Amino acid sequence: MKFKALKGVHDILPPETYIWQHMEVVAKEVFRTYGYKEIRLPIIEPTDIFIRSIGETTDIVEKEMYTFQDKGGRSVTLRPEGTAPFVRAFIEHNLYNEPSPQKYYYIGPMFRYERPQAGRQRQFYQIAVEVLGTDDVKVDAEVISMLSIFFKKIGVKDIEIEVTSIGCGRCRPEYKVALKNFLKDKLNIFCDDCKRRYDINPLRILDCKVKTCIDAREGSPSVIEFLCKDCKVHFNDVRYYLRLLGIEHIINPNLVRGLDYYTRTTFEVKSPLLGAQNAVAAGGRYGSLVEEFGGPPVSGIGFAVGIERVIPLIKGLPSIWGGPDIFLCSLGKEAEEKSLLLAEQLRGEGLWVELGYDKSSLRSQMRRADRIGAKNVIVVGEDELKKQRVIIKNMKDKNEVEAAFDVKAIIKTI
RNA sequence: GUGAGUGUAGCUCAAUAGGUAGAGCACUGGACUGUGGCUCCAGUGGUUGUGGGUUCGAGCCCCAUCACUCACCCCA
């Protein structure tokens with residue numbers, strides 16, 4: 001019987017784990033300079049928080065959630081996204097009593113029961129940030145700027161930032177009506193999916209890739225024209241600050257977000273180098289989610305980066321993948337014991353030290369040292385023990401020197 | 001959930017008209033009693049995804065099933 005990982009769930013092995021670590025280190029460092037603090041959240045939550053926030057009729061809730069009953073009969077769900085759990089925690093711990101705005105980030109797995117394909121798995125990882133407690137447009141711009149700087153710092157260049165505003169609870173319904181009116185008499189031209197979307201989520205028709213649909217929606221009203229006065233001012237300010245910060249971006253009124261809680265600013269980072277799933281990060285403002293969850297009437301904004309989607313965009317491995325500082329070759333039982341002790345002492349000094357564990361010839365130990373990329377080899381044999389000295393060989397320039405059988409002397413020599 | 005493609009060694013792939021599975025890389029060891037990379041040699045490793053069927057005989061043909069991949073839907 002051979003066991004396998006579940007469909008859409010992957011092991012992440014070295015050396016890829018080094019890229020993951022690198023990405024997390026860079027993210028944390030960038031976020032720190034903006035004042036973000038880490039928050040660690042459960043990956044399992046009461047089912048209701050997702051239904052209430054993401055939206056009852058969204059695909060995520062209708063067919064993609066890992067939902068089951070626990071032994072106490074509660075309906076629980078592996079989180080399909082992070083904002084709802086974050087808002088739950090924010091309110092539960094009264095974090096709005098901290099100085100405003102509150103800035104947090106979290107890193108971890110999300111779960112969606114979907115058919116896997118390039119850039120999509122059932123367990124996937126996100127690096128996400130959330131800012132609560134302010135409506136200030138500068139934050140919208142700053143969040144997008146931080147995201148762009150993060151990509152720059154990890155060396156991802158082939159990306160485009162798309163921004164739009166989808167209005168608020170007042171103006172969006174008006175736009176929906178106007179859009180449906182415009183599309184109504186052309187409905188027979190559209191593909192089957194779009195016909196279905198017309199009733200469920202007409203905004204999504206704007207995102208359809210079918211050529212006839214693209215032509216048919218030509219001249220449709222733009223969400224931006226329908227923004228109410230406040231939303232319009234807000235969006236114009238976002239654009240102003242993005243320009244001020246010199247963030248290259250595209251205004252895409254057809255940008256569609258899948259989650260119901262978004263209001264006003266939404267944005268997406270795409271890469272043309274990826275497959276059909278080309279969004280590497282996405283986010284937006286959520287104006288009333290906190291209040292709907294029983295918290296104070298504060299607005300929030302955040303984004304999530306899909307780690308698996310960014311990985312293929314990072315060119316080459318960071319050079320942290322080196323070899324051991326020292327490889328100890330030993331010959332004979334006494335030498336093996338002395339080497340074991342010496343290794344522990346050297347490690348205590350912060351060095352990466354490997355041993356030739358299996359009794360084998362010096363040749364074979366040397367070969368092993370070479371294969372794993374050891375920088376130095378120390379030979380401990382009978383002669384050396386007798387003289388209480390060791391031979392240190394630099395593997396790169398092949399030079400050999402002698403040193404006293406002593407940690408300090410060895411460190412000084414290498 | 002829908003559609004298409006692919007399944008042979010750890011990895012990349014061979015196997016002519018169906019005749020009983022091979023190479024390179026990797027790994028381990030040797031040539032070189034205590035010195036790596038190069039070279040040469042050897043070894044480990046496969047019920048050809050699985051189960052049926054056709055056939056004297058199936059990696060190859062047929063059916064089913066599973067897995068993986070890509071795309072749709074949808075999304076990070």
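Letters go in sequence order (proteins before strands), and every chain restarts at 1. These numbers were taken from a predicted model, which means no experiment stands behind them. Because only heavy atoms are used, hydrogens play no part in the values below, and waters and symmetry mates are left out as well, while side chains stay in.
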Just to be sure I understand the rule, does [X] reach a base, reach only the sugar-phosphate, or reach nothing, if contact means heavy atoms closer than 4.0 Å?
X: A:Ile307; result: nothing
X: A:Glu114; result: base
X: A:Glu382; result: base
X: A:Ala369; result: nothing
X: A:Val379; result: base
X: A:Glu62; result: nothing
X: A:Glu81; result: nothing
X: A:Glu384; result: base
X: A:Ser364; result: sugar-phosphate

In whole angstrom, give the distance that lies between atom [atom1] of [X] and atom [atom2] of [N].
X: A:Gln126; N: B:C75; atom1: CD; atom2: C1'; value: 10 Å
X: A:Lys63; N: B:C74; atom1: NZ; atom2: P; value: 8 Å
X: A:Leu255; N: B:C75; atom1: CG; atom2: P; value: 11 Å
X: A:Asp59; N: B:C75; atom1: CG; atom2: C1'; value: 9 Å
X: A:Leu313; N: B:A76; atom1: CG; atom2: P; value: 17 Å
X: A:Ile372; N: B:U28; atom1: CD1; atom2: P; value: 10 Å
X: A:Lys387; N: B:G34; atom1: NZ; atom2: C1'; value: 12 Å
X: A:Ile159; N: B:A76; atom1: CD1; atom2: C1'; value: 14 Å

Given RNA chain B, 5'-ward residue of the pair A:Arg122 and A:Cys208, judged by closest heavy atom: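 This one resolves to A:Cys208.
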
Just by distance, do the side chain of [X] and the backbone of [Y] share a donor-acceptor pair under 3.5 Å?
X: A:Thr263; Y: A:Gly287; answer: yes
X: A:Tyr198; Y: A:Lys180; answer: yes
X: A:Asn278; Y: A:Pro272; answer: no
X: A:Arg217; Y: A:Ile205; answer: yes

side-chain hydrogen bond (donor to acceptor under 3.5 Å, both in side chains) contacts touching residues 386-399 of chain A (sequence neighbours left out):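 Passing the test, one end in residues 386-399 of chain A: A:Lys387-A:Glu402, A:Arg389-A:Glu402.
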
Range-with-range stems of RNA chain B (Watson-Crick or G-U pairs under 3.5 Å, three or more in a row):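 So far as stems of 3 or more pairs are concerned, RNA chain B shows B:1-7 with B:66-72, B:10-13 with B:22-25, B:27-31 with B:39-43, B:49-53 with B:61-65.
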
[X]: which residues meet the side chain to side chain contact (heavy atoms under 4.5 Å, CB included) condition with it, sequence neighbours left out?
X: A:Tyr66; value: A:Leu78, A:Phe111, A:Tyr113, A:Arg122
X: A:Glu384; value: A:Val379, A:Ile391
X: A:Ile392; value: A:Asn376, A:Ile378, A:Val390, A:Val401, A:Ala403, A:Ile410, A:Thr413, A:Ile414
X: A:Asp193; value: A:Cys191, A:Arg196, A:Arg197

Whole-angstrom distance between [N] and [M], as gauged at atom [atom1]:
N: B:A15; M: B:A76; atom1: P; value: 44 Å
N: B:C68; M: B:U50; atom1: P; value: 16 Å
N: B:G59; M: B:C40; atom1: P; value: 34 Å
N: B:G53; M: B:G18; atom1: C1'; value: 15 Å
N: B:G43; M: B:A4; atom1: C1'; value: 43 Å
N: B:U8; M: B:C61; atom1: P; value: 15 Å
N: B:A9; M: B:G51; atom1: C1'; value: 23 Å
N: B:G7; M: B:A14; atom1: C1'; value: 16 Å

Side chain to side chain donor-acceptor pair (under 3.5 Å) partners of A:Gln126, counting only residues at least two apart: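 With neighbours one apart ignored, the set is empty.
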
A:Thr17: partners by side chain to side chain donor-acceptor pair (under 3.5 Å), with sequence neighbours left out: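 Partners of A:Thr17 under the side chain to side chain donor-acceptor pair (under 3.5 Å) test: none.
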
Between N or O atoms, less than 3.5 Å apart, protein on one side and nucleotides 64-71 of chain B on the other: list the pairs.
unit_1	atom_1	unit_2	atom_2	d
B:A67	O2'	A:Lys4	NZ	2.9
B:C68	OP2	A:Lys7	NZ	3.0
B:C70	OP2	A:Ala118	N	3.0
B:A71	OP1	A:Ala276	N	3.0
B:A71	OP2	A:Gln117	NE2	3.1
B:A71	OP2	A:Ala118	N	3.4

No-H, no-angle donor-acceptor pair, A:Gln365 side chain to B:G34 base, under 3.5 Å: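 No, no donor-acceptor pair under 3.5 Å.
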
Between protein and nucleic acid, restricted to nucleotides 8-10 of chain B and to nitrogen or oxygen atoms under 3.5 Å apart, what atom pairs and distances do you find?
none

Any protein N or O atoms within reach of nucleotides 36-46 of chain B? Criterion: under 3.5 Å, listing atom names and distances.
unit_1	atom_1	unit_2	atom_2	d
B:G36	OP1	A:Arg363	NH1	2.5
B:G36	OP1	A:Arg363	NH2	2.9
B:G36	O2'	A:Asp370	OD2	3.0
B:G36	N7	A:Lys393	NZ	3.1
B:G36	N1	A:Met395	O	2.5
B:G36	N2	A:Asp370	OD1	3.1
B:G36	N2	A:Met395	O	3.0
B:G36	N3	A:Asp370	OD1	3.3
B:G37	O4'	A:Asp370	OD2	3.0
B:G37	O6	A:Lys398	NZ	3.2

Set of ring pair (Phe, Tyr, Trp, His ring centres under 6.0 Å) partners for A:Tyr125, sequence neighbours left out: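 Per chain and number, A:Tyr125 pairs via ring pair (Phe, Tyr, Trp, His ring centres under 6.0 Å) with A:Trp20.
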
is_close_aromatic(A:Tyr105, A:Tyr36), centroid dist under 6.0 Å: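 No.
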
A:Tyr286 and A:Leu132, any side-chain heavy atoms less than 4.5 Å apart: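 Yes; the side chains approach each other to less than 4.5 Å.
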
Student check: side-chain heavy atoms of A:Lys103 and A:Val129 closer than 4.5 Å: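 Not in contact.
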
Audit row: A:Phe86, A:Tyr104, ring pair (Phe, Tyr, Trp, His ring centres under 6.0 Å) steps and yes/no: CA-CA 9 Å; A:Phe86 168 77; A:Tyr104 295 95; 5.7 Å; yes

